[in-house]
Each structure stands twice: as C-alpha cells, then as structure tokens.
Amino acid sequence: MAIELQQVTKKVAGEMHIHATDLQLYPEGFNVLLGETGAGKTTLIKLMAGLEKPTSGRVLFGGADVTKLSPQKRNISLVHQFFINYPNMTVYENIASPLRVAKYDRKEIDRRVREAAEVMKLGPMLERRPQQLSGGQQQRTALARAIVKESDLVLLDEPLANLDYKLREDLREELPRIFADRGATVVYATSEPTEALLLEGHTATVRQGRVTEFGRTEELYRRPEFFETADVFSDPPINSGEIRKEGSRLELNTITWEAPAFLRDEPDGPYRVGIRPHFVSPREEVESPVELVGKVLVTELSGSESVAHFTTPSGNTWVSQSHGVHPFQIGEDHKFYINPAGFLYFRTDGTRVSAAAEMATL
Amino acid sequence: MAHKTENPRAWLFVAPVLLLVAFNAFIPLMAVINYSVQESFGNNLFFWHGIGWFEQIMNSERFQATLLRQGFFTFIILAIELPLGVAIALTMPKKGFWVPVCLVLMALPLLVPWNVVGAMWNIFALPDLGLLGATLNGFGWEYNMTSDPFDAWFTMILMDVWHWTSLVVLLSYAGLVSIPDAFYQAARIDGASRLSVFRFIELPKMKHVLTIAVLLRFMDSFKIYTEPFVLTGGGPGNSTTLLSIDLVKIGLGQFDLGPAAAMSLIYFLIVLTFSWIFYTLMTKNDPM
C-alpha cells in the first residue's frame with residue numbers, strides 16, 4: 001500500500017522532534033530509515049503507526065487520510081527493538097493474539113498461526129512461553145505476530161539491534177525473503193549504514209528530525225544530493241574538508257589537484273569535499289592519486305581490512321579503510337593516497353555539484 | 001584440582017553475624033522451645049512435660065477460636081488491600097509533577113508508628129467526640145466500638161486498610177512503571193481492550209511485586225499486635241482478640257510460660273508454612 005507523509009511535523013513540549021517532512025514510501029518493499037540514535041526514526045515510525053499524532057500535516061494510506069485514525073484501525077504491525085510479547089501467553093497464543101482481537105474463526109487462526117510459525121522457524125516452540133525462548137526466538141515470535149496479521153504496513157524499529165551478531169546476520173538475510181510476497185510496505189529503522197545497504201530497497205536518511213533524502217538505497221549511497229545524506233550514510237564516517245577552487249585547480253591546504261570536468265564551469269570559491277574512507281588507502285592503488293600525509297591516531301585491524309584514523313595537515317580527523325593488513329605506526333606520519341574518483345563535491349550550502357554523466361563505477 | 005585453603009581468620013569475619021543471629025534469633029527460639037516442653041513453678045523449678053502443652057493448646061477451644069478469628073482477619077485484609085492497592089496504583093500518574101506528590105501522600109500512613117495508629121483510630125472512633133464515630137452516629141448508625149463486636153471489627157479492618165494499603169500501592173506502582181511503553185504500544189496496535197492490557201500485560205508484569213506484597217501483608221497481618229491492642233484491647237469480650245494478643249495474655253498476663261511457649265511455636269510454624277505455600281504457588285511457573 002502507498003504510504004505517504006505530507007508536511008508532517010511533531011512538536012513535543014515546544015521542541016521540534018520532526019521538522020516538516022514529505023515522504024512517499026515505496027510500496028511493497030523495504031523502506032529503510034537510516035539515522036543515528038535520536039535522529040527521529042522512532043518518532044517517524046510512531047507517526048506512521050498512529051501511536052503519536054502529528055502536530056501538523058497529514059498521513060495517507062493508499063491515498064486515504066488516516067491522520068486521525070487509531071493504530072488498530074490502520075491494519076499495521078510494529079516490531080520493536082526489545083522483544084515485545086505477552087509474557088504469560090504461549091508462543092502460539094502470542095502469534096494468534098492479533099487475530100483473536102480481530103475475531104477470526106478458530107480454523108483460520110490455526111492455519112495462519114502455523115503458517116507464520118513455519119516461516120519464522122518456530123514450529124517446535126509453539127507451546128513455550130516467551131521467557132523460555134532465546135532472544136532470537138523471542139524476536140521471531142514478535143515478527144510472526146507481525147506477519148500473521150497480513151498488515152498493509154509493517155514497521156520494524158531496529159528489530160535486530162538487541163540480537164547477537166550471528167542471529168542478526170541470519171535474520172537479516174531472511175527478512176527480505178519473508179516479506180517478499182506479502183504485499184506489505186515495510187519500514188525498517190536502523191542506525192547502521194551497512195545494514196541499509198544489505199537490505200537493498202529504498203532508504204531515507206534521517207538527521208535531527210529531518211529526512212534529508214529518500215531514494216533507491218544504492219543510488220543514495222553512490223550519489224547523495226546532500227552532504228548530510230553522505231554523512232549519515234557512511235560507516236566509518238565520511239572524511240570531509242573545506243577546499244577552494246581556483247580556475248581548474250582545487251586545493252585543500254597545500255595539496256592541489258585538477259578539478260573534474262563538471263566542476264570547471266562552476267564559480268571559483270569555497271567548496272566542501274566528501275571522501276568515503278575506502279577511497280583513502282595507504283597504498284598507491286590507482287593512477288595519479290591525490291597524496292596526503294597524515295599522523296596516525298588509532299588503527300583497527302580486522303583479518304581482511306585495516307582502518308586507520310589520522311589527522312590531516314589541516315587538522316581534520318580522517319579515516320582510511322583498505323584491504324589487507326597494513327602496518328601503521330601510531331603517532332607516525334604516513335602517506336595516504338586518495339582515489340580522485342571518490343571525491344564528492346558539495347557547495348557551501350550542502351548540495352552536491354553533480355555531473356550529467358557521472359561515473360557509474362563508484 | 002580444587003584445593004581448599006584453611007584460614008582460621010575467616011571465622012573473624014563471620015563472627016559478628018553469627019553473634020547477632022545467635023542473640024536475636026537462635027537463643028530466643030531455643031529458650032521458647034525449652035519452655036514449651038516444661039512445667040514451671042515458682043523458685044525456678046522446672047519439670048519435663050513432653051508435648052503436653054502442645055496437646056493442650058491444640059485441643060483448647062480458646063486457641064481454635066482465636067486462630068479462626070485471626071485467619072478471618074487476615075483473609076479480609078488481603079481481600080480488600082490487594083485489589084484496592086492495585087486499583088489505586090493503576091490510577092496513579094506515571095510521569096509528571098504529580099508523581100512525587102502522590103508517592104509522598106501514599107507513603108504517609110506507612111510512616112506512622114503502630115501504637116500511634118491505634119491511639120489515633122481509638123479517638124477517631126469515639127461515638128461522641130471522634131470524627132468517625134460521631135459522624136456515623138449522626139447518620140443514624142448506633143456505632144459504638146467498645147460495645148458492639150461488629151463495630152469493633154469494622155474499625156479494626158478500616159484502620160488496617162488505611163495503614164497498609166499504601167504498601168501494596170507502592171509495590172504495585174513500582175511494578176507498573178517498570179513496564180516499557182512498547183508493551184502498551186503493541187497492545188494498542190493489536191486493538192486490545194483495557195481489560196486485556198491489565199490481564200495480559202500489567203498483571204503478569206506485576207506478578208513478582210505482588211508476590212512480595214501478599215507475603216508481607218500475610219505475615220504482618222497474621223502477627224499484628226499493637227494496633228488492635230491499642231484500639232480495642234481485644235474486646236468487646238474476646239471478639240477482637242487476635243493470636244498475638246491472646247499470646248501476650250497467656251504469657252505475660254497469666255505467666256503460663258509453657259502453654260505460651262507452645263502456642264508461640266505453633267503460631268510460628270503456621271506463619272512459616274503459609275508463607276512457604278504462598279511463595280511456592282506464586283513462583284511455580286517461573287523460569288528462574
């Protein structure tokens with residue numbers, strides 16, 4: 001179902017929690033809300049659910065205004081970060097609870113509960129109580145409650161945040177498959193950019209109560225229209241710096257390089273550059289890279305990649321992310337090579353300078 | 001291989017607790033057991049009496065009547081205070097300016113000492129001067145606590161409800177505020193009724209604190225002494241003589257140490273048994 005927010009705002013005790021937001025969710029697929037804790041993801045979800053009423057603006061479900069409609073009349077499901085189930089009901093009764101309230105007949109309830117339990121791999125657990133289950137199974141029960149209802153809108157508020165790493169990966173892989181043919185619009189809130197990328201679909205980046213941008217996840221990652229979007233949608237955090245354009249040359253402190261073609265017609269003056277950490281390498285991997293010397297502060301080595309935090313000559317803290325294990329000496333100066341293809345150029349107002357023919361290889 | 005290190009100094013650390021427990025629990029209990037199996041005469045003469053006192057107490061109509069009275073009292077107290085306490089807790093605000101106000105108001109009765117409560121209600125219930133007594137008489141109820149057993153019971157129960165419902169309220173409230181909002185949200189999305197929310201979310205989540213509330217109220221009401229003693233002195237007649245009041249009459253009034261000791265032990269075992277049964281029943285289904 002097409003879900004739409006029109007000029008929705010939320011003010012709590014004089015404080016703007018959500019600034020005027022227009023958002024048209026992509027029906028029948030994953031819509032990821034990506035943002036830091038406190039950015040307003042949960043508030044947006046509550047507004048869609050009807051658990052909170054917008055201060056102004058309208059919420060539309062399939063074109064119909066539901067702004068004043070109570071949550072139970074919206075045919076939605078919500079799965080929370082904490083594993084919310086009725087404590088003294090069995091798993092079976094928990095999954096059946098939304099159907100019981102909706103007064104389905106017993107056979108239909110049984111059929112649907114068993115089907116949902118099958119999908120969520122809860123078959124053998126049906127007679128247990130939530131406290132007797134592992135965290136993963138408790139969350140599977142909550143998810144089963146969400147799918148059994150055949151809702152138009154399924155809201156998942158950081159559903160995997162409290163699970164162990166392995167369980168999180170398993171369930172994340174399953175989720176798109178589980179919701180694939182159900183015809184529901186799924187909203188998935190997360191604070192992890194990687195998770196948004198893994199889920200595919202569409203993503204809305206949220207910062208300080210604003211949806212900065214909404215679009216196909218891949219597009220949004222590769223070609224963000226705003227610096228804020230790039231900043232939200234980058235893990236490790238995106239490297240940024242003030243640069244100046246002088247004719248066809250760009251300079252960052254003492255480092256200069258040739259401006260790309262699409263930037264040459266722009267006026268001279270200050271710009272902001274954003275570089276994702278994986279374009280900054282301690283090895284010379286591409287032709288004519290931009291070179292930079294930085295003092296290494298912290299390093300994180302995993303088996304397959306090396307992450308180094310370093311201070312640039314202009315005093316910014318940047319991050320380099322490269323394949324393989326690279327020996328860094330903390331406190332020492334290292335040379336870093338930046339792939340010029342990775343530069344994202346923004347005007348001082350935060351909008352990106354984009355080219356009609358952009359490299360699709362980013 | 002686990003090797004146990006012997007260090008006699010460890011006893012030093014345990015000694016204070018051992019001494020404390022010895023003086024405040026073990027030695028008195030042993031003394032009571034000692035009295036309960038002996039017949040005492042003047043000049044500190046004691047004779048072995050076996051389980052004679054226990055037989056006598058168990059077969060005494062007086063004890064049976066008192067026990068029945070006590071059971072009745074405790075039952076009524078629990079039947080009123082638990083639902084009332086939970087109901088009040090449900091109506092209390094969960095956040096905002098009124099929370100501390102409500103909590104302090106609720107805590108007030110708990111701060112009043114037992115004998116003061118008894119004295120207060122004694123005056124409160126005076127048929128000519130007391131606010132309660134005079135008002136009731138004004139409405140045409142010939143209320144007199146000192147002559148009418150029903151009135152005496154009515155006052156005693158009202159007093160206990162006034163004094164102790166707050167405890168149930170505070171415990172239930174603590175249980176209620178610890179329920180995350182997400183549970184209520186889930187119920188709202190399901191469209192669950194207010195009754196279902198209480199039955200399937202609030203009650204199960206309050207179970208642990210309610211267990212404690214039942215245990216505390218059971219034990220306290222079963223061994224209650226000061227308040228009814230100051231209020232009615234056990235009268236009129238024996239109508240409000242609860243177990244502990246009777247025990248004091250036998251032990252300190254008549255100085256029948258043997259029967260009093262035997263009665264104490266029976267009394268103690270009853271409280272212990274019931275508390276254990278309650279606790280076991282109420283925590284039966286808990287995965288610990």
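Per chain, numbering begins at 1; letters A, B, ... match sequence-line order.
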Q: Any chance you could measure A/H80, atom NE2, to B/D181, atom CG, to the nearest 0.5 Å?
A: 8.5 Å
Q: Go through B/R199 and A/N88 one step at a time and tell me if the side-chain contact (heavy atoms from CB on, under 4.5 Å) criterion holds.
A: CA-CA 10 Å; B/R199 165 81 181 76; A/N88 61 345; 3.4 Å; yes
Q: Mark yes when over 12 heavy atoms from residues, nucleotides or ligands other than B/F278 sit less than 6.0 Å from its CZ; otherwise mark no.
A: yes
Q. If you draw a 6.0 Å radius around CZ in B/F218, do more than 12 non-hydrogen atoms from other residues or ligands fall strictly inside?
A. yes
**Q.** Atom group of A/R145 that falls short of 4.5 Å from chain B, counting heavy atoms
**A.** side chain
Q. How about A/E169: does its CD atom have over 12 heavy atoms from other parts shown lying under 6.0 Å from it?
A. yes
Q | Close contacts, residues 182-191 of chain B versus chain A, judged by heavy atoms under 4.5 Å | A | B/A182, B/F183, B/Q185, B/A186, B/A187, B/R188, B/I189, B/D190, B/G191
Q: Step through the shown structure and confirm whether more than 12 heavy atoms of other residues, nucleotides or ligands are within 6.0 Å of CG on B/N7.
A: yes
Q. Got more than 12 heavy atoms from elsewhere within 6.0 Å of CZ, A/R210?
A. no
Q: Could you tell me which portion of A/N85 (side chain, backbone, both or neither) has an atom closer than 4.5 angstrom to a non-hydrogen atom of chain B?
A: backbone
Q.
Counting only heavy atoms from other residues, nucleotides and ligands, does the tally under 6.0 Å from CZ of B/F274 exceed 12?
A. no
(Q) How about CZ on A/R106, more than 12 heavy atoms from neighbouring residues, nucleotides or ligands closer than 6.0 Å, or not? (A) no
Q. Got a sec: does the CD of A/E192 have more than 12 other heavy atoms crowding it under 6.0 Å?
A. yes
Q.
I need the contact set between residues 57-74 of chain A and chain B: heavy-atom distance under 4.5 Å, sorted by residue number.
A. A/P71, A/Q72
